[in-house]
Amino acid sequence: MVLPDQTDVMEKHRKPSGNWKAHNKAGLRYFLLSCFATTSALVFLHSQSSLFEIDQWRRTPPHAHRILAECASLRALPGPPPGFQYRTQSDRFVHGTKPQLILNATIWTGGKDGTEVITGDVFLEDGLIKAVGDVPKKLIHAAGAKLVVHDAEGAWVTPDAIGGQAFVIKTRLTDERSPSSMVLEPPFSLNGTDPTQPPRWRHMKHATGENPSRVYDGTRMDTMWAFREAYNEARKVKEDQDKYCAMAESGLWSGLASSVPKSLKWESLVDVLRGKVKINIHSYSPSDFDGLVRLSNEFKFPIAALHHAHEAYLVTPLLRKFYGGKPAIAMFATNARYKVEAYRGSEYAPKILDDAGFKVIFKSDHPVLNSRYLLYEAQQGHLYGLPSNKAIQSVTTTPAAAAGFGHRLGYVALGYDADVVVWDSHPLALGATPRQVYIDGIPQLESPALLDKPSASQIAPTIPDRTKEAEDALKYDGLPPLKPTVSRNVVFVNVNRIWTRGKGSLESRISKTGVAHFIDGKLVCSSFDGDLPCPPTFGADVKVIDLEGGSLAPGLTSFGGYLGVMEIEQEPSTNDGVVYSPFSPQFSVLGDVARAADGLSFEGRSMLLAYRAGVTSSVAAPLSRSMFSGLSVAFSNGAAHALEEGAIVKEIAALHIQISAGGKGPSVSTQIGLLRRLLTSKGEATPLRWFTKVASVSNCNDLHERDRSANTFFKGELPLIIHTHSADIIAKILILKQEVEAESGDRVRLAFFGGLESHLVAREIAEAGAGVIVSPPRAFPLAWQSRRVLPGPPLTEETVISTLLRHNVTVGIGIVEGWEARNTRFDLIWAALEANGRISREQALALATTNLEQIFGISSQNEISDIVAYKGGDVFDFSSEVVAVISSRSGRIGII
């Protein structure tokens, strides 16, 4: 290898001679240009790197469309889709349904705040109301031969009644035969409809007060804390969702999860906070209302309705503070006092709430009340002061709006669901019964049993002014005085009808201007009685009461609701308590059946309300959860205590035995076997002596029986009342009766309480000389043993009561709970109306007077019976009201 000469190398790098400065400047320019180029390249590369990072941050992921749609849906509020009012077919239309034309109807449309009533026709097609009033001829021609015509003959037509506590179902069975298919506007996820439409309302129920405290073993504070804790967790989820969606909608996808934050546990409450849920809350008392007001304002969600809410009328200013405005109040008309929270319930609460600007809804809480008779609640609400338009709205338009369905339910109007009812009388007339029911345009009654109603039932009842009563309910904090004032010398004028007792029957006499004078509970003169003529004038000390065409009728008797031995059902300290089972060790210690007279208490509110409603006497048996109930007592509902004159009508009225299947007790065969042994055993040892008296005709002083029944069917010394609904058990007891009578030679004085299947053995009951106390008077199959009921019109022509009476059975009516006693008169009216002329007024009145007295062996003579004065109508007029009770037993006249 040859290395270059160093001299040569140095020569090559030697500075040129001559203008060396010019060469230096050119090099400097080159150097600066190189630096600038390098810097520019670096800047460019840096900028490209930043843009790459931003692009990476903003780059749209493949799931973005789904995420953005979901975020938008979170904010979407429920409601009908655009153009819903122009739909031509209902989403619930059943193909093959024929168009329906209701002619000549009186139509309550729901319009103009419930005051609009028009006459005309209603055309139903495709599950919708297509015309109201004047039906275009083109609709009729288009329907052709498929059109079904129903002539309403002037009958009232209203929207279908709406009851319940949460989501809405239509009670028409579907081909799918599933509960989900009956739900109105279910979530899109259930029926596969278009999720791009506005979401459907969700519905949720909360509860406060005694119910959750009893079920979950906590205090009211625990309940409210549980609510706050749950809603706070939901709020966290909502805030996470909102933060996530804000970033996604800004295009800031880097680091975002592939799905919106969710919590299956809290998602329903998150929807509450987003205003997508109709909240209905079971709540009774102001303390709970106060907590709910704070809860709704803390978490900013409205309440659709407070349910039960017996004390809501007492605190209307508080209820105005709910977030989002006043909730509707869903309540009963007269069902109250079954627990402390309901003790201040008032029949005037609906009027008070309406006057205060609240929306009132009536409910059934089925099976607490039979939802079939939801309209009865509206009828009572009207009777106690709720305006007629608001009363009908309370079961139609108001619940529809509260549930979020005011766009399709609650009105008879163009484009609304074809859900209408044709009534046989005005909807607020007692006993109003459907002639036909349409759901989604489909008639629900194939061959309805129709009733002939009087012309007076085609108009709303005329009701008295209830302002004073409503004011008193507020003045006395829900507990106004109920005891009547006492007068000893009263003349009733303008008496139209007087009812008197004959030999085991009732009869009435009519006069346009009748007069009746009572002193110390005794009739001293009457224009209806030629033997007791009245003088032309009366003394200055006489109190004169104008009955305005009213009537004087026997006081009614009630049995079945434990009046006198139970004041507040769910508050043990107010009750006599539950008797021992004969199969328990404690029973052997007692050694005898219980007597209700020993645990009787007076001046209970349900008792006094019954008295003020003309139910002057009650029979109460000891409360039992097993076979043995004990010995019942008959007493006056208006007495102050047991020592008062006339307080105890009959100290021992009957021996009561309950026989039923199920529960923790022994078998039905065991129960009947024990009863057979007790009835056939002879001896005076307790408790056998009471069963001996059931099949004995001998006198017994310790029964304190001052009089005997004239009924030859009941020869036994002590009536035996068997509590059962089952026709099978009734038949077994009738066989046992024959056995005992054959062995003893005596007659067993027997009756059945409940008896909802008794019509199946009506002839046998009559032949055996037994009686039946039907309870409830309008049959409903609450349990398996009452499944074979006669529901009455419009489903069946006959009722349990009419069938028994047709077979000459002695029939009374009873109640299930004590609060129902006050409505006994309405039950009589209803029984007469449902019988469609097969029951006379005399027979109907006997159901709660002479027949019950006959079954229990209570004297029914005129001179010792209570008389009730009704103002403004007869005992059978829904809007007449009790103004006085004349009691010869106590020697007093109670002014109501």
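For clarity, every value in this text was computed on a predicted model and none was experimentally measured.
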_Between Tyr384 and Pro350, is there a side-chain heavy-atom distance shorter than 4.5 Å?_
no
*Taking C-beta and beyond as the side chain, do Asn335 and Leu369 meet within less than 4.5 Å on heavy atoms?*
yes
*Does Lys543 reach the side chain of Ile895, with side-chain heavy atoms less than 4.5 Å apart?*
yes
*State whether a side-chain donor-acceptor pair under 3.5 Å links Thr334 with Gln380.*
yes
*asked:* Just so I know, are the side chains of Arg841 and Leu828 near enough to count as touching, which here means a heavy-atom distance under 4.5 Å?
replied: no
_Qualifying residue, where the test is salt bridge (Lys or Arg N to Asp or Glu O under 4.0 Å) with Glu881 and the options are Arg466, Arg825, Arg822_ = Arg466
*Compare all side-chain heavy atoms of Phe518 with those of Val524 and state whether any distance is below 4.5 angstrom.*
no
*Kindly write out the residues that satisfy side chain to side chain donor-acceptor pair (under 3.5 Å) with Asp598, not counting sequence neighbours, or none if the list is empty.*
none
*Answer yes if the side chains of Glu471 and Tyr348 hold a donor-acceptor pair under 3.5 Å, and no otherwise.*
no
_Side chains of Ser632 and Phe856 in contact at under 4.5 Å (non-hydrogen atoms)_ = yes
*Please examine the side chains of Arg595 and Val633, heavy atoms only from C-beta on, and report whether any two atoms are closer than 4.5 Å.*
no
*Side-chain donor-acceptor pair under 3.5 Å between Asn851 and Thr810, yes or no?*
no
*What's the verdict on side chain to side chain contact (heavy atoms under 4.5 Å, CB included) for Leu852 and Ile773, showing C-alpha distance, side-chain angles and the deciding distance?*
CA-CA 8 Å; Leu852 269 184; Ile773 304 170; 3.9 Å; yes
*Take Phe602 and His641 through the ring-ring contact (aromatic ring centres under 6.0 Å, His included) test and state the conclusion after the steps.*
CA-CA 6 Å; Phe602 288 87; His641 52 77; 7.6 Å; no
*Side chain to side chain, Phe628 and Pro622, heavy atoms closer than 4.5 Å*: no
*Lys871, NZ: over 12 other non-hydrogen atoms inside 6.0 angstrom*: no
Review item, side-chain donor-acceptor pairs of residues 552-562, under 3.5 Å, at least two apart:
none

